[in-house]
Student: 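Provided herewith is a single structure, encoded as structure tokens, for subsequent inquiry.
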Amino acid sequence: MRQQWIGRIILFIAGQSVSLFGSAIVQYAINWHITLTTQSGLMLTIATLCGFLPQLLISLFAGVWADRYNRKMLIILADGMIAFCTLILAILFMMGYTNIQLLFFISAIRSIGTGIQMPAVSALLPELVPNDNLMRVNGLNASINSIMMLLAPAIAGTLYSLTELNVIFWIDVTTAAIGISLLAILKTPSREKLPSDAQTHVLKDMLGGLHYVGANRWLKQLIIFYLFFCLMIGPVVFLTPLMVARSFGAESWRLAAHEMVFSVGGILGGLFVGIIAKKISNQVHILIAGCVVFGLTTFIMGFSPNFVFYLIVMIPMGFSMPFFNTAFMTLIQTKVTPELLGRVFGLVTIVGSSAMPLSTVVFGPLADQVSIELLLIITGLAMIIISLLVLRFKEIMSIG
């Protein structure tokens, strides 16, 4: 199986990329619909909470399931669940039920599917790729995802201006069916079946994952850093579209350009990481560099005098993101016991999913009281300081 890893990983990434592409188009269309029809920080806050809180609640269970059951089947079931919810949404919109509350509810259901899928995807990848190629594959996968994110907003923006929202929903249903079909034919390495008496101790498995994290100081420190960084990244993730609409114009093409330019940077950054992966001596250095650049560009973005300057700053911001994501993922995939990967990634998903709602609750209402530019300046500085503090964590530096 290990000798055939290139063919397997191509099939796996192809299936995931197609599915991601459709989901991204729909998610952009939903977010822009809420942004352009309400122009409210409160509405974006509610939408963000609906997109992250269910994912937070399900992730602990999902991490255990990823360690217990067939990870490929979990991904297929989660993808199918998300597509089914989108199908229901498309039908309801065709029948005339188009209120914002319905979008919130369906987003919450879709979030549950994402919470199940993410730990399984992250834990399955090391089963398909040899450890010495994980960094490279993660980097190249980041570039492919960025390409999807480059095309998705352009297509979403075009379709949103030309057709009704319910037509866009059908794209996700179609791409999910293709992605599931590709994943279904993928052969994955067999795993040992759990003893029958271990099948019911889900809570015990959860606690075992938490104990493992607590017993490994480097992992605990890394996850704490991830939490604080995600808290500060919130305004960039969910408030910059609102900043574009308020400061530069509410046209959908501006929101599309905003996402596309960031994705161009992400493509270049992912390719760069994939190319130099074999030459990287300490992955933590890559992680810190990516975080510092991201914080610096966030700070500079707060001083944007016009839309062109804003877009130029988005390129290095997007370039830096794969450095952080790739190094963080690879550290966990290569250093954590394989039997516990699902639970650790479940915990990581919980941290990321909880950080975003917390950040939204704080910064969302503030966006209706102060300028988003000021929030970007403050959080950009905070990200730089948090990233440089990692240099003082000897356990993390040594594990890199």
Side-chain angles (χ1 to χ4, degrees), residues 45 48-49 51-64 66 111 114-115 118-119 122-123 206-207 209-239 283-284 286-296 298-299 317 320-333 335-336 340-364 366 375-376 378-397 399-400:
T45 298
T48 303
L49 291 174
F52 282 92
L53 281 181
Q55 185 176 317
L56 164 66
L57 297 175
I58 200 66
S59 290
L60 261 183
F61 295 96
V64 175
S111 176
T114 302
M118 288 177 64
S122 300
M206 288 183 187
L207 294 175
L210 292 173
H211 175 75
Y212 178 83
V213 172
N216 288 270
R217 189 174 175 83
W218 72 269
L219 183 56
K220 180 169 60 176
Q221 291 176 345
L222 186 64
I223 291 177
I224 291 173
F225 161 74
Y226 179 66
L227 169 63
F228 282 100
F229 192 80
C230 286
L231 285 172
M232 294 300 103
I233 218 172
V236 176
V237 173
F238 73 91
L239 286 180
Q283 294 163 357
V284 178
I286 296 296
L287 185 148
I288 294 173
C291 293
V292 169
V293 173
F294 195 94
L296 181 61
T298 301
F299 174 80
M317 176 182 280
S320 68
M321 202 62 195
F323 284 73
F324 167 64
N325 285 335
T326 301
F328 182 79
M329 291 283 291
T330 306
L331 279 170
I332 295 178
Q333 288 170 337
K335 305 299 181 181
V336 171
L340 291 164
L341 264 178
R343 274 162 282 185
V344 171
F345 275 117
L347 183 59
V348 168
T349 302
I350 287 173
V351 170
S353 301
S354 60
M356 195 55 63
L358 286 173
S359 183
T360 305
V361 167
V362 174
F363 295 112
L366 278 176
L375 297 179
L376 293 178
I378 294 172
T379 53
L381 282 174
M383 278 187 267
I384 295 172
I385 294 171
I386 291 169
S387 302
L388 294 178
L389 285 175
V390 176
L391 294 171
R392 298 177 62 87
F393 297 159
K394 296 181 180 179
E395 290 83 359
I396 293 182
M397 298 305 298
I399 202 69

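No experiment lies behind these values; they were computed from the predicted model shown.
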Student: Might you point out which heavy atoms bring Val292 and Ile384 nearest each other, and give the distance in Å?
Tutor: O-CG1, 3.9 Å

Student: About how many Å separate CD1 of Ile332 and NZ of Lys335, when rounded to the nearest 0.5 Å?
Tutor: 12.5 Å

Student: Search all heavy atoms of Ile58 against all heavy atoms of Gly115 and return the closest pair with its distance.
Tutor: CG2-CA, 3.7 Å

Student: Got a list of side-chain donor-acceptor pairs under 3.5 Å for residues 215-232, not counting sequence neighbours?
Tutor:
residue: Asn216; atom: ND2; partner: Tyr212; partner atom: O; Å: 2.7
residue: Arg217; atom: NE; partner: Glu395; partner atom: OE2; Å: 3.0
residue: Gln221; atom: NE2; partner: Glu395; partner atom: OE1; Å: 3.3

Student: Between CD1 of Ile233 and CZ of Phe324, what distance do you get to the nearest 0.5 Å?
Tutor: 6.5 Å

Student: Once you round to the nearest 0.5 Å, how far does SG of Cys291 lie from CD1 of Ile385?
Tutor: 14.0 Å

Student: Verify side chain to side chain contact (heavy atoms under 4.5 Å, CB included) between Thr379 and Phe299, making sure each step is shown before the conclusion.
Tutor: CA-CA 7 Å; Thr379 53; Phe299 174 80; over 6 Å; no

Student: State, with a plain yes or no, whether a side-chain heavy atom of Val236 is found less than 4.5 Å away from one of Leu376.
Tutor: yes

Student: Can you tell if the side chain of Leu388 reaches within under 4.5 Å of the side chain of Met383, non-hydrogen atoms only?
Tutor: no

Student: Return yes if some donor-acceptor pair links the side-chain N/O of Ser387 with the main-chain N/O of Ile288 below 3.5 Å, else return no.
Tutor: no

Student: Check whether any side-chain N or O of Ser122 sits under 3.5 Å from a backbone N or O of Pro119 as a donor-acceptor pair, and report yes or no.
Tutor: no

Student: Pair Val293, Phe323 - check side chain to side chain contact (heavy atoms under 4.5 Å, CB included), show working.
Tutor: CA-CA 10 Å; Val293 173; Phe323 284 73; over 6 Å; no

Student: Could you tell me the separation between the CG atom of Asn325 and the CG atom of Leu287, rounded to the nearest 0.5 Å?
Tutor: 9.0 Å

